[in-house]
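The chains referred to below are lettered A, B, ... by the order of the sequence lines, with proteins before strands, and numbering in each begins at 1. Keep in mind that this is a model prediction, so the values were computed, not measured.
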Amino acid sequence: MRFSQLYAPTLKQAPSDAEVVSHELLYRAGFIRKVAAGVYSYLPLAKRTLSKIEKIVREEMNAIGAQEVSMPIIQPAELWKVTGRWEDYGPEMMKLKDRHDREFTLGPTHEEVFTEVVKDELRSYKQLPVFLYQIGSKYRDEIRPRFGLLRAREFIMKDGYSFHDSQESLNEAYQACRRAYSRITERIGLEYLIIEAASGAIGGSESHEFVSFAPIGETNLLRCERCGYSSNDEQAPYKGLYTKTDDTEKPLTLVHTPNVRTVEQVASFLGVRPSHIVKSLLFVGRNGFVMALIQGDRELNLEKLKVYLNDQSLRLAEPDEVYERYNVPIGFIGPVGIKNTRVVADHGIRYMKNVVVGGMKQDYHYINANLNRDFYVDSYTDLRVVQANDPCPNCGAPLSGSKGIELGHVFKLGTKYSKSMNALYMDQKGELKPFIMGCYGWGVSRTMAAVVEQLHDQNGIIWPRSISPFEVIITVVSMQDHNQKAYAERIYRDLSEKGIEVLLDDRELSPGMKFTDADLIGFPLRITVGKSLADGLVELKLRNQEKPLKIKIEGDPVSSKVMEMLKEYNPHRKV
RNA sequence: CGGGGCGUAGCGCAGACGGCUUAGCGCGCCUGCCUUGGGAGCAGGAGGUCGCUGGUUCAAGUCCAGUCGCCCCGACCA
């Protein structure tokens, strides 16, 4: 490819809305353009990189026996109503109606469609297992799209689904996919971590995430240096100690706390530690209001509460809803005297004495409230968001915290979808059984952005060789110089014939611009053909190398040295 | 959804408080000359429904209302 013919509009200035480095660099380097909030066009450079990522994903999926298919993006609402996800997935879905007013969604994921497709054809255990996948666009009406490709409303994803007649068979596919994902990440050249994860609205039991390290990532990682445990903070169980006290119970007292609402305000107004306050949070779910109690200095993990109550529709109640129902502004809500509301508490609540809670009356709080005397709890569970320095659930050593970008996610779904969709096969004994299912996602477009987050410097992107749009760029310093031009053409032909993907920068531009573009786009290797050609020299420079290497050309073009340098190229290392 | 902000040339911005002339600047683009090792120089030039709709006014990019779009923060706050 010649640069003079490549559509790669590079920009000196970053667009004003670019917030994270991957967004800025992909935009400036001419990979992407925005069409609407969270919706992007992929220009030729991006398309080449995305195709390479897809190819790696495809090869690794095929290698574990998964078969590629392609399912429709547009899906009828009925399919989603059967599994209850028309409501559960709800606002995240892009919904539309056809001319007859029939409802559809642009698929945010494809469990229903895949299950529907196989249910009538797979009738016997003899046909199992089956593992299908596709690579295509997904649509999620994100509450707030941001960070460019990292949280987009349209994005490219590989999603796979497997169907089994036993847990063992599911385990095999699950482990195979985990290995495939590890190979994908390694071939791309990302630094990553596999963590235990929450399964969220997809449902199911076991689940792991593949997360690439990035400070701007939205996944909170917890890691144990001692035993290697790793998890995200939505999933990690709290296995620490709870503070117990032997304090004698003091009498319950209502105190005037004008305009004091938050835990912090209450703590400073009353001069108590946040850990002495009980936070009372009201949620709304399928069965109405639920009150959750947690120690004031801890965050509540909504995922844990959803799982505990088996209600994915659970959400924090709006202040208006709370006021309408209890006649008390949020901030003064508490468990004392609350009626007709299920109360779920974190285990820690059991051991607290003489606590501060909302007064159930505007501008009042109770002090010295005590469990089973002044208020009551229906059940206890672990509701805490585990934080850095909490003990590791495995070995008790303090956890360390960091951030990452979720690239891949594997789930054991079990029979959630097959049961509700009546997707059954006949087992050896002639009994009808629901398929045991697994599901496996990989964010393709997000991977491109995640790589840029990890691999860049002040001049631009530093692509790993495996997914760079081109492996080599040949920069001709002066197109006026016939020798330079002719020799560059010669290397170009030679490398192309040897199967290297080369971009020849044959533009009539000042050398500065060419160098800047080459660095910005981030090709692994640059060959500069310039004035030193007169002395029989060209320069080779890896993208992460400080100084170029001058090599003698002596008849043979530079291909063997190029091959050698590309082989050794490690974009993560500064050279 | 709540709060804040923005919308003026391809990109980045000024002009708006304090109303009126020909709406500017940098980059980019076009032509010519010159130049070719890190976004060169000189000269000339093209490019604008000032997001949209309506209102106020002699006069609106500027004031008012509505609307659309975009961005940021928050939405685990009690």
- [ ] Examine distances only and state if a side-chain atom of Glu209(A) and a backbone atom of Ile195(A) form a donor-acceptor pair shorter than 3.5 Å.
- [x] no
TODO: Could you list the residues that satisfy side chain to side chain contact (heavy atoms under 4.5 Å, CB included) with Pro9(A), not counting sequence neighbours?
DONE: Tyr7(A), Arg33(A), Leu43(A)
Open item on the list: Can you check the distance between G10(B) and A46(B), where both ends of the measurement are the C1' atom (answer in whole Å)?
Closed with: 13 Å
Open item on the list: For Glu218(A), give me all partners under salt bridge (charged side-chain N to carboxylate O under 4.0 Å, His left out), at least two apart in sequence or on another chain.
Closed with: Arg151(A)
Open item on the list: With rounding to the closest Å, how many angstrom separate the C1' atoms on G15(B) and A9(B)?
Closed with: 15 Å
Task: C1' gap between G4(B) and U62(B), integer Å - done: 22 Å
Task: Lys/Arg-Asp/Glu bridge criterion (N-O < 4.0 Å) met for Lys304(A), Asp382(A) - done: yes
Open item on the list: If I compare all heavy atoms of Asn370(A) with all of Met352(A), which pair ends up nearest, and what's the gap?
Closed with: OD1-O, 4.4 Å
Task: Sub-4.0 Å heavy-atom contacts from residues 500-511 of chain A onto RNA chain B, ordered by number - done: Leu509(A), Ser510(A), Pro511(A)
Task: Selection: residues 215-222 of chain A, any non-hydrogen atom under 4.0 Å of RNA chain B - done: none
Open item on the list: Regarding Val385(A), tell me which of base, sugar-phosphate or nothing describes its non-hydrogen contacts under 4.0 Å with the strands shown.
Closed with: nothing
TODO: In whole angstrom, give me the gap between the C1' atoms of A14(B) and G66(B).
DONE: 28 Å
TODO: Describe the nucleic acid contact of Lys514(A) in one word from base, sugar-phosphate, nothing, applying a heavy-atom distance below 4.0 Å.
DONE: nothing
TODO: Please determine, for the side chain of Met513(A), which listed nucleotide (C72(B), G37(B), G39(B)) has the closest atom?
DONE: G39(B)
- [ ] Using salt bridge (charged side-chain N to carboxylate O under 4.0 Å, His left out) as the criterion, list what pairs up with Arg144(A), not counting sequence neighbours.
- [x] none
- [ ] Kindly state each residue pair satisfying ring-ring contact (aromatic ring centres under 6.0 Å, His included) with at least one member in residues 254-282 of chain A, sequence neighbours excluded.
- [x] His256(A)-Tyr364(A)
Task: Closest contact, heavy atoms only, Ala388(A) versus Leu222(A) - done: N-CD2, 3.8 Å
Task: C72(B) OP1/OP2 closer than 4.0 Å to side-chain N/O of Arg144(A) - done: yes
Open item on the list: Measuring only the C1' atom in each nucleotide, how far is G5(B) from G41(B)? A whole number of Å is fine.
Closed with: 40 Å
Open item on the list: C73(B), OP1 or OP2 - any side-chain N/O from Arg146(A) closer than 4.0 Å?
Closed with: yes
Open item on the list: Can you confirm if the NZ or CZ of Arg350(A) lies within 45° of the ring axis of Tyr242(A) and under 6.0 Å from the centre of its six-membered ring?
Closed with: no
TODO: Please determine, for the side chain of Leu302(A), which listed nucleotide (A75(B), C76(B), C70(B)) has the closest atom?
DONE: C76(B)
Would you tabulate the nitrogen or oxygen pairs shorter than 3.5 Å linking the protein to nucleotides 24-27 of chain B?
from   : atom 1 : to       : atom 2 : distance (Å)
G26(B) : N2     : Gln13(A) : OE1    : 3.0

- [ ] Remember a base hit wins even if backbone is also touched, and classify Ser532(A) as base, sugar-phosphate or nothing at under 4.0 Å, heavy atoms.
- [x] base
Task: From C73(B), C71(B), G38(B), nucleotide with atom closest to Asp519(A) side chain - done: G38(B)
Task: Complementary nucleotide of G69(B), counting Watson-Crick and G-U pairs under 3.5 Å - done: C6(B)
Task: Residues which pass side chain to side chain contact (heavy atoms under 4.5 Å, CB included) with Ser468(A), listed by chain and number, not counting sequence neighbours - done: Trp463(A), Phe523(A), Pro524(A)
Open item on the list: From C-beta outward on Leu520(A), which listed nucleotide comes closest to its side chain: G39(B), C71(B), A78(B)?
Closed with: G39(B)
- [ ] Determine yes or no for a side-chain-to-main-chain donor-acceptor pair under 3.5 angstrom, with Lys541(A) supplying the side chain and Gln545(A) the backbone.
- [x] yes
- [ ] Establish, with yes or no, whether the OP1 or OP2 oxygen of G12(B) is under 4.0 angstrom from a side-chain nitrogen or oxygen of Ser16(A).
- [x] yes
Task: Side-chain touch Leu520(A)/Leu25(A), heavy atoms, less than 4.5 angstrom - done: yes
- [ ] Return the 5'-most residue of the pair Leu533(A), Glu264(A) with respect to RNA chain B, ranking by each residue's nearest nucleotide.
- [x] Leu533(A)
TODO: May I ask which nucleotide in the shown strands pairs with G74(B), Watson-Crick or G-U wobble, both distances under 3.5 Å?
DONE: C1(B)
Task: Residues in salt bridge (charged side-chain N to carboxylate O under 4.0 Å, His left out) contact with Asp517(A), at least two apart in sequence or another chain - done: Arg507(A)
Open item on the list: Suppose we screen for ring pair (Phe, Tyr, Trp, His ring centres under 6.0 Å). Which residues come up paired with Phe332(A), at least two apart in sequence or across chains?
Closed with: His365(A)
Open item on the list: If you assign Asn301(A) and Phe147(A) each to the RNA chain B nucleotide with the nearest heavy atom, which residue ends up on the more 5' nucleotide?
Closed with: Phe147(A)
TODO: Measure from NZ or CZ of Arg465(A) to the centre of the six-membered ring of Tyr569(A) and say whether it is under 6.0 Å with the direction within 45° of the ring axis.
DONE: no
- [ ] Could you give the distance separating G19(B) and G2(B) at their C1' atoms, to the nearest angstrom?
- [x] 35 Å
- [ ] Please measure how far the P atom in U31(B) lies from the corresponding atom in G39(B), and state the result in whole Å.
- [x] 23 Å
Task: Check ion pair Glu24(A)-Arg28(A) (N to O, under 4.0 angstrom) - done: yes
- [ ] Write down the distance separating the P atoms in C73(B) and G55(B), rounded off to the nearest Å.
- [x] 39 Å
Task: Nucleic acid contacts - residues 352-368 of chain A versus RNA chain B, non-hydrogen atoms under 4.0 Å - done: none
Open item on the list: Assess whether a salt bridge exists between Asp481(A) and Lys531(A), defined as any Lys/Arg side-chain N lying under 4.0 Å from an Asp/Glu carboxylate O.
Closed with: no
Task: Interatomic distance, Arg151(A) CZ vs G74(B) P [rounded to whole Å] - done: 13 Å
Under-3.5 Å N/O pairs linking protein and nucleotides 43-49 of chain B:
none

Open item on the list: Whether Asp141(A) and Lys95(A) form a salt bridge (side-chain N of Lys/Arg under 4.0 Å from carboxylate O of Asp/Glu) is what I want to check.
Closed with: no
- [ ] Specify the closest pair of heavy atoms between Leu300(A) and Ile294(A), including all atoms of both residues, with the distance to one decimal.
- [x] CA-CD1, 3.9 Å
TODO: Under 4.0 Å between any heavy atoms, over every strand shown, what does Pro15(A) touch: base, sugar-phosphate, or nothing? Just pick one.
DONE: sugar-phosphate
Task: Proximity to the side chain of Phe515(A) - top-ranked nucleotide from C76(B), G38(B), A40(B) - done: G38(B)
- [ ] Name the closest nucleotide to the Asp517(A) side chain, picking from A78(B), G37(B), G39(B).
- [x] G39(B)
